[in-house]
Amino acid sequence: VTAAAATASIVTGAGLNLALEFLARQTFFPALPKPPLPPGALPTAVSLATSFAVLLAVTAWTGRRGPALPADITAVMEA
């Protein structure tokens, strides 16, 4: 998991959770829609699943670019 993936996952999860919970509970603005979730789906569960999907997608997209290991350590790891 890369730092960019973790950051994107946290921001996505927190932002989506805040938006869905606000839309589900707000009564001040009747023109705002309710969240488009099926009955029984929890907004927190939806944002958690989306957060995991973003974590995996950004990790796959950015890849790991860690420092190269020394030759002796690579030989031991491959043995």
Item to check | Whichever hydrophobic residues join L37 through chains of side-chain contacts under 4.5 Å | outcome: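 Noted: L37 shares its cluster with L16, L20, V46.
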In a table with atom names and distances, give each donor-acceptor pair under 3.5 Å that connects a side chain of residues 70-79 to protein atoms at least two apart or in another chain.
from: T74; atom 1: OG1; to: P70; atom 2: O; distance (Å): 3.0

Item to check | Stepwise side-chain contact (heavy atoms from CB on, under 4.5 Å) test for T44 and E21 | outcome: CA-CA 8 Å; T44 306; E21 288 288 348; 3.2 Å; yes
Item to check | Minimal non-hydrogen separation, A5 against V1, with atom names | outcome: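 Result for this residue pair: CB-CG1, 4.4 Å.
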Next on the checklist: Looking at every heavy atom in both Q26 and K34, which two are closest together, and how far apart are they?
Outcome noted: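 Between these two residues, the closest heavy atoms are O-NZ, 3.8 Å.
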Item to check | Passing candidate, side chain to side chain contact (heavy atoms under 4.5 Å, CB included) with T12, options V58, V54, L55 | outcome: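 Of the listed residues V58, V54, L55, the side chain to side chain contact (heavy atoms under 4.5 Å, CB included) partner of T12 is V54.
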Checklist entry - Given S51 and S9, is the side chain to side chain donor-acceptor pair (under 3.5 Å) satisfied, shown in steps? => result CA-CA 5 Å; S51 176; S9 174; 2.6 Å; yes
Item to check | Inter-residue atom distance F22.CZ - N17.CG, 0.5 Å rounding | outcome: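 Here the rounded value is 13.5 Å.
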